[in-house]
Amino acid sequence: MSYPAGAVDAERVALIDASAIQHNVRTIGEYVRPAKIMVAVKADGYGHGALTAAQAALAGGADWLGTAHVAEAAALRQAGIEAPILAWLHTRGTDFAHAIEQHIDLGVSGWEIEAIAEAAESLQTPARVHLKIDTGLGRNGAARADWPQLLRRTVEHRERGLLSVEGIFTHLAVADEPDRRETDEQLAAFREALEIAAEHGITPDLRHAANTPAALSRPDAHFDMVRVGVGVYGQSPFADRTPEDLGLKPTMELRTTVANVKRVPAGQGISYGLTHRVDRPTALALIPLGYADGIPRIAVHGPVLINGRIYHSAGRVAMDQFVVDLQDPDTEVQVGDDVVVFGGDSGISAADWGAAAQTINYEIITRIGARVPREVIG
Ligand SMILES: *Cc1c(COP(=O)(O)O)cnc(C)c1O
């Protein structure tokens, strides 16, 4: 969705298309139903605003919300979100008692089970947990050797009325490359972990493993629920498939206006380090977004749309600004002209900036800085 020219008052803005978020949840539903859908709204809703993302996701049919931190989940409760929420990344400082009071489900990979049981005991309220098994990612989740012990402790605490097991889950390492056999190995290890849990009398209704790439490419990973983030935000997790190929719409459009235009002679250096010099007379446009706003400093030749044409950044991105070579000393580009950095109908994607900065679309959208106001449309 594109914003009417001249209608943006803000000097910089990330337009968040709530209707596109809803559309993307519905589209993912076509791939995964009858499995339930948990939408990851961690990291401020992948940069879109956690509450905006949560409300749009639920309006689009999401069954669950997911966050990394309890504090992120608690902020959504504070804002009035009543849908089920799972938080899965904890530290010794995590306020498990608050999570229990706020009906926030807790991912458990090991040591947390004791801290959660203690909090439940002092509140005299059972916690709701999802046990996490590491099937190969090597990040969070119980090591396979530690799984039986975690199950035994869970059963003991459950018998004392301190917790209920709502789910068992794992996370995939290479689902964005659908042909890699490690996903088969992880899913086999997950099924084995589910069997061992069943032998301990733990058979929850929610078995979940799939992230966006697995939701879109591996029906055998859907189980009872998928946990999707990047696809909901209109991004493709696959190197060789665009969002359009997948039926997804972009949800964030980063815009500003040209802050300055000037003619320069051949040989003019551009930005810190003078890593770039123009080889002929040209005009330069100054774009008032920099690495403090989430434009990666390392980006080279990043695209922008000005007056219907694509231009590229030249020289280093600075904290507050970067420079675009307009390729023509007699350019018609003027101060105040609209600039689209990515999204909308620009034809430029967050993935293009990811490519310019040796990173991925996920990192581009999640790092748009706090200095860029979000404006919700649709
Ligand atoms: C972030 C996250 C997801 C969502 O991943 P996407 O690739 O964005 O779909 C799912 N599960 C866990 C545990 C996560 O941390």
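Order of listing sets the numbers, starting from 1, for every ligand and every atom in it.
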Going by an N to O cut-off under 4.0 Å, is there a salt bridge joining [X] and [Y]?
X      : Y      : answer
Glu166 : Arg128 : yes
Asp146 : Arg153 : no
Arg241 : Asp176 : no

Close N/O pairs between ligand 1 and protein, under 3.5 Å:
residue  : atom   : partner : partner atom : Å
ligand 1 : 7 (O)  : Tyr362  : OH           : 2.7
ligand 1 : 8 (O)  : Tyr46   : OH           : 2.6
ligand 1 : 8 (O)  : Val230  : N            : 2.8
ligand 1 : 9 (O)  : Thr212  : N            : 2.8
ligand 1 : 9 (O)  : Thr212  : OG1          : 2.5
ligand 1 : 9 (O)  : Gly229  : N            : 2.9
ligand 1 : 11 (N) : Arg227  : NE           : 2.9
ligand 1 : 11 (N) : Arg227  : NH2          : 3.4
ligand 1 : 15 (O) : Lys42   : NZ           : 2.6
ligand 1 : 15 (O) : Trp88   : NE1          : 3.4

Quick one: sort the His312 and His301 rings into parallel, tilted or perpendicular, breaks at 30° and 60°.
->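 Aromatic pair His312/His301 classed parallel.
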Would you please indicate yes or no on a ring centroid separation below 6.0 angstrom for Phe96 and His90?
->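 Aromatic pair counts; centres sit under 6.0 Å.
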Between His208 and Trp64, does the ring centroid distance fall short of 6.0 Å?
-> no
